[in-house]
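Counting starts at 1 for both ligands and their atoms, in listed order.
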Amino acid sequence: MRIVICGGGVIGASIAYFLSRRGVKPIVVERAGIACAASGKSGGFLARHWCDGTPLQQLARHSFDLHAELAEHGSEAWGYRRVTTYGGVGAATAHTRGGTTPNPIDWVSSHLEVGQQLGSTRDTAQVHPALFTAATMRAAEAHGAELRLGTVTGMRQTAGRVTGVEVDGAVIDADAVIIAMGPWSILAAAWLPLPMIYGVKGHSLVFTTGDTIPPEALFLEFEEAGGAVQSPEFFPRPDGTIYVCAISSDSPLPIDPAAVVPDLGAIERLERICAAASPVLAAAKIVARQACFRPIARDGLPLIGRVPGVEGAYIATGHSVWGILNAPATGEALAELILDGAARTIDLAPFDPGRLRPLDPARLRSRRAASAPLKGS
Ligand SMILES: Cc1cc2nc3c(=O)[nH]c(=O)nc-3n(C[C@H](O)[C@H](O)[C@H](O)COP(=O)(O)OP(=O)(O)OC[C@H]3O[C@@H](n4cnc5c(N)ncnc54)[C@H](O)[C@@H]3O)c2cc1C
């Protein structure tokens, strides 16, 4: 069976990995480089129970367990480790802390209130997302998958079924095609009946801190000097860096993933938040100032499954803030769906792409012809 996966983010790489483990040799077509977008610039935080009580529960729990298995048996290291996770509050204008209990973590400013333990090493963990995605793709290649750099520009269909993918104007023959282009999956709505997919922008910094920060993740509610409240997330990594993200925006998604840049002023705001939140960060060197878009569908749930009405067409996107966590279970379930006709490990019904009204492909094509920008939510 000839399978083409469009997009080399964490979702595309995970699908390639699980397909290749089943003896199929999929081709992954990636426009700008493996993990060049959100899959390389996200936090990489994993939580087993934080989706409990939602339609994501089964996917998240199973994927958390798969992450542990993959890290144990993988031939490479990608920064997987268990972490203790805390919640806290703070403000740019330092208030005197009311309580007498000392903060449980010592790398934050003394005026922050860090009290609530949100997760333990039993149920929260992390990976370095770029390393994880690249290692997953390499493991897929070791099992026969192929990575091709190129831009997916269209799809060939004959009598209601997919027969190929157009890449930079040439066609790669295919019996099955999976759209896994993150927020750029919306481009495929010009060729397939797909619902709206948005891109929500987030900003992040990576600091070099040496080994000063232990495996303690921190979720903060932080009031900036102007009164705006941000929710920065801090993830110290085993490679001696710490990743911090915050400040979402609805800036338009550029068609070229390599053209994503931070919003004006957002990085400076994030730097001020970090300096106020932690004296360690105030003194640390910043090695990356970046932005990326997370993909999200209208109802906030991922789209994983068959594209209705077009045989051989599949989609896996819209994982929003949990794409790194949920990638392995998504890859495994989609491989089962394509090769066995149904997913066995996960019930994909809540993620059926057919649950949402599709856009009109003809309208989208004329909009693109008029060069309208892609808009985030
Ligand atoms: C700031 C931030 C922090 C986050 N933190 C976490 C976290 O801690 N834990 C967690 O689980 N999740 C987190 N996420 C979410 C997670 O990063 C995403 O859900 C996930 O990376 C999406 O992966 P993807 O493969 O669907 O998309 P992407 O990573 O966007 O990959 C899509 C790929 O498709 C390629 N592409 C685009 N157009 C084309 C084309 N025409 N032809 C070929 N290829 C194309 C792109 O170049 C890109 O490589 C975070 C997201 C953000 C924004």
Salt bridge between Asp256 and Arg31, side-chain N to carboxylate O under 4.0 Å?
yes
Going by atom types alone, do His62 and Glu332 pair a side-chain donor with an acceptor below 3.5 Å?
yes
Does ligand 1 come near enough to Cys36 that some N or O of the ligand is less than 3.5 Å from an N or O of the residue?
no
Using distance alone, determine whether Ala180 and ligand 1 share an N or O pair under 3.5 Å.
no
Nearest non-hydrogen contact to atom 22 (C) of ligand 1 from the set Gly182, Pro295, Ala35, Gly9 belongs to Pro295
Taking the basic N atoms (NZ, or NE/NH1/NH2) and the acidic carboxylate oxygens, is any pair closer than 4.0 Å for Asp340 and Arg22?
yes
Return the residue, atom name and 0.1 Å-rounded distance of the protein heavy atom closest to atom 4 (C) of ligand 1.
Ser42 CB, 3.3 Å
For residues 211-259, the ring pair (Phe, Tyr, Trp, His ring centres under 6.0 Å) pairs (sequence neighbours left out) are Phe45-Phe219, Phe45-Phe235, Trp50-Phe219, Phe219-Phe235
In the protein, which heavy atom is nearest to atom 19 (O) of ligand 1, and how far is it?
Ser320 O, 2.7 Å
Just to be sure I read this right, does ligand 1 sit under 4.0 Å from the backbone of Val321, its side chain, both, or neither, counting only heavy atoms?
backbone
Please confirm whether the backbone N or O of Cys36 pairs with a side-chain atom of Lys41, one donor and one acceptor, at under 3.5 Å?
yes
State the atoms of ligand 1, each with its element, that fall below the 4.0 Å cut-off from a heavy-atom position in Ile11.
23 (O), 24 (P), 25 (O), 26 (O)
Heavy-atom contacts with Pro183 under 4.0 Å: which atoms of ligand 1 show up? List them by number with element.
30 (O)
Do ligand 1 and Gly44 have nitrogen or oxygen atoms that lie under 3.5 Å from each other?
yes
Between ligand 1 and Lys41, is the shortest N or O to N or O distance under 3.5 Å?
no
Close side-chain approach of Trp184 to Pro257, heavy-atom, < 4.5 Å
yes
Criterion side chain to side chain contact (heavy atoms under 4.5 Å, CB included) on Cys274 and Leu205, from CA distance to verdict
CA-CA 9 Å; Cys274 291; Leu205 298 172; 4.1 Å; yes
Sidechain-backbone polar pair: Thr241 side chain, Arg237 backbone, donor-acceptor under 3.5 Å:
no
Would you mind checking which non-hydrogen protein atom is closest to atom 45 (C) of ligand 1, with the distance to 0.1 Å?
Arg31 CB, 3.6 Å
Gly150 neighbourhood, listing ligand 1 atoms whose heavy-atom distance to it stays under 4.0 Å:
42 (N), 43 (C)
What is the closest protein heavy atom to atom 23 (O) of ligand 1, and at what distance does it sit?
Ser39 OG, 3.1 Å
Evaluate side chain to side chain contact (heavy atoms under 4.5 Å, CB included) for Glu216 paired with Tyr86, printing each intermediate quantity in order.
CA-CA 7 Å; Glu216 296 164 337; Tyr86 296 93; 4.2 Å; yes
Nearest heavy atom to atom 8 (O) of ligand 1 wins, so pick from Trp184, Phe45, Tyr243.
Phe45
Below 3.5 Å, N or O to N or O, backbone or side chain included: is there any such pair between Asn326 and ligand 1?
no
So the atoms of ligand 1 within less than 4.0 Å of a heavy atom of Val152 turn out to be 40 (C), 41 (N), 42 (N), 43 (C)
Check: Thr153/Glu166 side-chain N/O donor and acceptor closer than 3.5 Å
yes
Any N/O of Val10 closer than 3.5 Å to an N/O of ligand 1?
yes
Which ligand 1 atoms does Thr151 reach within 4.0 Å, using its non-hydrogen atoms?
41 (N), 42 (N)
Would you check if the side chain of Thr124 reaches a backbone N or O of Thr121 as a donor-acceptor pair within less than 3.5 Å?
no
Tell me the contacting part of Pro257 for ligand 1: side chain, backbone, both, or neither, using a 4.0 Å heavy-atom threshold, strictly below.
side chain
Min N/O separation Cys292 to ligand 1 under 3.5 Å
no
How about Thr163 and Gln157: does a side-chain donor come under 3.5 Å of a side-chain acceptor?
no
Is the closest side-chain donor-acceptor distance between Arg81 and Gln126 under 3.5 Å?
yes
Per-atom contacts of ligand 1 with Val29, taking only distances under 4.0 Å to non-hydrogen atoms
43 (C), 44 (N)
With heavy-atom distances below 4.0 Å as the criterion, list the atoms of ligand 1 near Ala37.
30 (O)
Which atoms of ligand 1 sit under 4.0 Å from any heavy atom of Leu325?
10 (C), 11 (O)
Nearest option to atom 48 (C) of ligand 1, as decided by whichever heavy atom of Met181, Glu233, Glu30, Arg294 sits closest
Glu30
Glu30: what forms a side chain to side chain donor-acceptor pair (under 3.5 Å) with it, not counting sequence neighbours?
none
Determine whether the aromatic ring centres of residues Phe132 and His67 are separated by less than 6.0 angstrom.
yes
What residue and heavy atom of the protein are closest to atom 5 (N) of ligand 1, and at what distance?
Gly43 N, 3.0 Å
